[in-house]
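Please read the structure below before turning to the comments.
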Amino acid sequence: MATIAPHDISSTVLRRMKEGGFDFARAHPIEFYAIFPDEERARQAASSFRGESLNAQVVERDGAWHLQVSKVMYATHAGIDDFEHVLQVLVAPLGGVLDGWGVTQEVGEPPR
């Protein structure tokens, strides 16, 4: 079975967001996820993300440590891809693996 490259997944998600009426004209908090084998390494990675448009949280779930980094940004393929690359460079040496991204779409009136 062939695997889908992450950028292809992002393209599909962004296309579905557009079809659903997502507001690409404004910045949104986009959540990026990584999984670590232990709390220490997850917190070490989290400490790298501090700033006005960044927020990082670490939680334990199902025996693994999950890092969630929220970044306020525009939902563009290039922006998401660039930040995933930054995150990958940071988490890989700490034994972490990326686990995707997501954004909450507000429910409003359907597009006309």
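Because the structure is a prediction, the values reported are computed rather than measured.
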- Query: Hey, does W65 have a side-chain heavy atom less than 4.5 Å from the side chain of V58?
  - Reply: yes
Of all the heavy-atom pairs spanning [X] and [Y], show the shortest one and how long it is.
{"X": "A75", "Y": "F22", "answer": "CB-CE2, 3.8 Å"}
{"X": "P37", "Y": "G95", "answer": "CD-O, 3.5 Å"}
{"X": "F36", "Y": "A45", "answer": "CZ-CB, 3.6 Å"}
{"X": "M17", "Y": "V103", "answer": "CE-CG1, 3.4 Å"}
{"X": "A64", "Y": "I35", "answer": "CB-CG2, 3.7 Å"}
{"X": "S48", "Y": "L90", "answer": "OG-CD1, 3.5 Å"}

- Task: List the steps, then state whether side chain to side chain contact (heavy atoms under 4.5 Å, CB included) holds for V69 with N55.
- Result: CA-CA 6 Å; V69 178; N55 180 33; over 6 Å; no
Let me confirm one number: the [atom1]-[atom2] distance from [X] to [Y], rounded to the nearest 0.5 Å.
{"X": "D99", "Y": "L87", "atom1": "CG", "atom2": "CG", "value": "10.5 Å"}
{"X": "L67", "Y": "L94", "atom1": "CG", "atom2": "CG", "value": "10.0 Å"}
{"X": "H77", "Y": "L14", "atom1": "NE2", "atom2": "CG", "value": "6.5 Å"}
{"X": "F32", "Y": "E84", "atom1": "CZ", "atom2": "CD", "value": "6.0 Å"}
{"X": "R16", "Y": "E19", "atom1": "CZ", "atom2": "CD", "value": "8.0 Å"}
{"X": "S10", "Y": "I80", "atom1": "OG", "atom2": "CD1", "value": "6.0 Å"}

- Name all residues meeting the side-chain hydrogen bond (donor to acceptor under 3.5 Å, both in side chains) criterion together with R43; count only those two or more places apart in sequence or in a different chain, and write none if there are none. E39
- Partners meeting side-chain hydrogen bond (donor to acceptor under 3.5 Å, both in side chains) with Q68 (sequence neighbours left out): E31
- Message: One pair to check against side chain to side chain contact (heavy atoms under 4.5 Å, CB included): I30 and K71. What are the steps and the verdict?
- Response: CA-CA 5 Å; I30 299 180; K71 180 175 182 180; 5.6 Å; no
- Message: Under a 3.5 Å distance rule, please check whether Q44 uses its side chain to pair with a backbone N or O of S47 as donor and acceptor.
- Response: no
- Message: Test of understanding: clusters of I, L, V, M, F, W, Y form through side-chain heavy atoms closer than 4.5 Å, transitively. Do V97 and V86 belong to the same one?
- Response: no
- Item | From CA spacing to verdict: side chain to side chain contact (heavy atoms under 4.5 Å, CB included), V13, W101 | CA-CA 10 Å; V13 171; W101 62 271; 3.6 Å; yes
- Message: Counting the benzene-type ring for Trp, do F49 and F83 have ring centres under 6.0 Å apart?
- Response: yes
- Would Y74 and F24 count as a close aromatic pair, with their ring centres under 6.0 Å? no
